[in-house]
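Here the structure is laid out as structure tokens; the discussion comes afterwards.
Chain letters run A, B, ... following the sequence lines, proteins first and then strands; every chain starts at 1.
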Amino acid sequence: MERGYLGEFELMILLTVIHLGEEAYGVPISREMEKQRRRGVSAGSVYAALERLEQKGLVKSEIGEPTPERGGKAKRYFRVTKEGLRQLHKTRRVLTAMWKELPEFKGEPA
Amino acid sequence: MKRENPPAVARWILEHLVPGKKNDALAGDLLEEFRCGRSSLWYWRQVLSAFVLGFMQESRMNWSVFVFAFFWALPASALWIAVIRWQSGTFFARRWDLPWPYSMICELGLTFGSQVLYVWAGVIFGFSIFSAAKKQFKVRYLVRGIGISLSAYLITFVAFFVWRLIFPMPFDIRFVTPAGLIVSLSMIAFRMTFFVAVVAGLRSACVSAGQKKIRTVA
């Protein structure tokens with residue numbers, strides 16, 4: 001089934017999940033997103049996006065063992081599915097083609 | 001000294017009131033971050049953000065529950081006025097002549113009790129409709145929904161009570177006009193208590209009925 005292209009936030013989350021590998025659960029995903037975006041990220045919005053991605057079949061989640069330092073709550077690990085990886089490659093192809101049209105920036109760097 | 005646990009009220013809201021199926025992972029994440037040095041303000045912001053996002057997501061996914069709760073909450077204020085008018089000719093009208101705590105028990109029985117019964121009627125009626133459509137009626141899901149609706153109603157009841165202390169009703173409830181009943185802010189706030197309680201109860205019952213099992217890592 002043909003799907004729409006990924007949004008900016010969803011794209012960043014998928015790339016973060018790939019970057020974190022086996023350690024991709026809520027806390028490191030949010031921290032990595034904050035580091036890359038250089039601004040705060042709400043954990044709720046990260047989960048909302050991950051749930052959307054899971055419904056689309058682009059990520060899968062698994063519940064780990066509960067740990068005392070988390071008040072007995074288990075971690076929920078995410079990983080990107082084959083379909084998710086395919087969507088990422090497709091989005092990269094489209095964006096790369098479009099980036100080529102971007103004119104040079106003449107102003108002072110930020 | 002850094003606190004070990006986040007604000008209890010915020011934690012309770014997160015674990016019981018934020019809509020969504022898998023709040024445990026989010027609750028654990030926020031606790032882990034808090035214990036790593038995040039502030040109480042940060043925790044509250046995360047909880048409120050999760051609540052708003054969860055509410056929006058749930059309203060998209062369970063729009064039928066929200067529509068049902070909206071229409072169930074609409075006549076709530078009219079019913080409340082009907083109860084107040086009805087009680088004037090009964091034993092309840094003389095409840096404040098009774099010694100404490102009987103006077104308070106009668107007052108709570110009349111106001112809180114009748115309103116809770118209306119919320120429960122909504123949850124039972126709504127769940128019967130939705131489960132009949134899905135052909136999966138289970139009493140334990142309904143009991144769970146009724147319990148959650150009571151918790152949600154207790155909270156919204158207190159919130160509405162505080163609202164009325166800050167913004168007293170600008171009219172005598174017994175003589176309110178139909179227009180006042182519809183547009184008055186107090187009445188809208190009053191209906192919200194029913195809306196929230198019925199949504200919470202129905203959503204809990206319906207989500208329990210249709211919940212998917214998540215695989216656990218061995």
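When all heavy atoms of Arg70(A) and Leu31(B) are compared, the pair lying nearest together is C-CD2, 3.3 Å. For the residue pair Leu53(B) and Gly44(A), the shortest heavy atom distance occurs at CD1-C, 3.5 Å. Heavy atoms only, all atoms of each residue included: Arg76(A) and Ala25(B) are closest at CB-CB, 3.6 Å.
Contacts of Ala43(A) with chain B are made by both backbone and side-chain atoms, with heavy-atom separations under 4.5 Å. Looking at Pro68(A), the atoms closer than 4.5 Å to chain B (heavy atoms on both sides) all sit in the backbone: N, CA, C or O.
Looking at Glu69(A) and Cys36(B), their side chains never come closer than 4.5 Å, going by heavy atoms from C-beta outward. Considering only heavy atoms from C-beta on, Ser30(A) stays 4.5 Å or farther from Asp29(B) through its side chain. Counting heavy atoms from C-beta on, the side chains of Ser42(A) and Gln46(B) come closer than 4.5 Å.
Heavy-atom neighbours of Phe112(B) CZ from other residues, nucleotides or ligands within 6.0 Å: above the threshold of 12. Atom CZ of Arg92(A) has 12 or fewer heavy atoms from other residues, nucleotides or ligands within 6.0 Å.
The residues Arg38(B) and Glu34(A) are annotated as salt-bridged, a charged nitrogen and a carboxylate oxygen being separated by less than 4.0 angstrom. Between Lys73(A) and Glu15(B) a salt bridge is recorded (basic side-chain N to carboxylate O distance below 4.0 Å).
Within the model, atoms CG of Leu26(B) and CG of Leu50(A) stand 11.0 Å from one another, a figure rounded to the nearest 0.5 Å.
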